[in-house]
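Let me begin by presenting the structure, written as structure tokens, before commenting on it.
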Amino acid sequence: MATNRNIVDLVKAIRNGIGGSAGGVDGIYMAKVSSVEPLTIQMYNVSITKNIFINPALILEASDRGDKMGNVFQYPAETSETYQFLKEFHEKYVLKKGDTVIVCVDGATFYIAGKAVRT
């Protein structure tokens, strides 16, 4: 089985220290969400699926197309204000395929700090 060239390039980058620290790629980066089921991010053309840590609120009822939200908000909450707040929160903060996220890299661990949105 041939080795994916992107993985080789990433390993070389880690060894050469192109990131925030002299000894590796530790630092803060941007990544794309390739999938939320299972959670997969794309950094430098490499798919990352392991050693990802994230606030569970960012993936609560998440789906690649964002269609699970319809199930959650199918029935209005007790008050219309609460319902509207929760619906808007979910639309703005819960991850979907294609979202850009801020990733803090520490060794081989990837901490997703949140969604990055241009204002």
Side-chain angles (χ1 to χ4, degrees):
M1 174 182 243
T3 303
N4 184 324
R5 184 71 206 163
N6 294 328
I7 295 171
V8 172
D9 291 342
L10 184 62
V11 170
K12 282 183 181 178
I14 290 170
R15 287 184 181 154
N16 293 334
I18 62 162
S21 69
V25 294
D26 291 359
I28 299 173
Y29 298 89
M30 305 289 270
K32 283 279 188 199
V33 176
S34 303
S35 171
V36 294
E37 298 175 307
L39 182 58
T40 306
I41 58 173
Q42 194 84 17
M43 284 180 60
Y44 298 104
N45 296 320
V46 175
S47 292
I48 299 162
T49 58
K50 298 192 186 289
N51 299 325
I52 299 175
F53 291 80
I54 187 169
N55 178 340
L58 298 177
I59 54 173
L60 183 65
E61 293 297 324
S63 62
D64 286 340
R65 296 180 308 177
D67 56 356
K68 276 191 177 180
M69 184 186 70
N71 297 336
V72 174
F73 299 109
Q74 185 173 341
Y75 303 103
E78 196 153 316
T79 66
S80 61
E81 293 83 11
T82 302
Y83 172 77
Q84 194 60 35
F85 168 79
L86 292 172
K87 185 175 179 182
E88 288 177 19
F89 181 88
H90 194 280
E91 289 171 355
K92 288 180 183 178
Y93 294 100
V94 173
L95 297 181
K96 291 179 261 335
K97 181 178 180 178
D99 284 343
T100 301
V101 291
I102 299 168
V103 180
C104 301
V105 179
D106 183 22
T109 306
F110 303 86
Y111 299 93
I112 296 179
K115 201 175 192 180
V117 180
R118 184 179 302 268
T119 58

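Index from 1, following the sequence.
- Contact between Gly114 and Leu58 at its shortest, heavy atoms only, is CA-CD1, 4.0 Å.
- Nearest heavy atoms, Val103 versus Ala31: CG2-CB, 3.7 Å.
- The minimum heavy-atom distance linking Ser47 with Thr40 is given by the pair CB-CG2, 4.0 Å.
- Closest approach of Lys96 to Glu91, counting heavy atoms only: NZ-O, 3.3 Å.
- Distance OG1/Thr109 to NZ/Lys50: 13.5 Å, rounded to 0.5 Å.
- In summary, of the residues considered (Ile59, Leu39, Val33, Ile102), a side-chain contact (heavy atoms from CB on, under 4.5 Å) with Ile112 occurs for Leu39 alone.
- A distance of 13.5 Å separates NZ in Lys32 from CE in Met43, rounded to the nearest 0.5 Å.
- No side-chain donor-acceptor contact under 3.5 Å links Lys115 to the backbone of Leu95.
- The other members of the hydrophobic cluster of Tyr111, by chain and number, are Phe53 (side-chain heavy atoms under 4.5 Å, ILVMFWY only).
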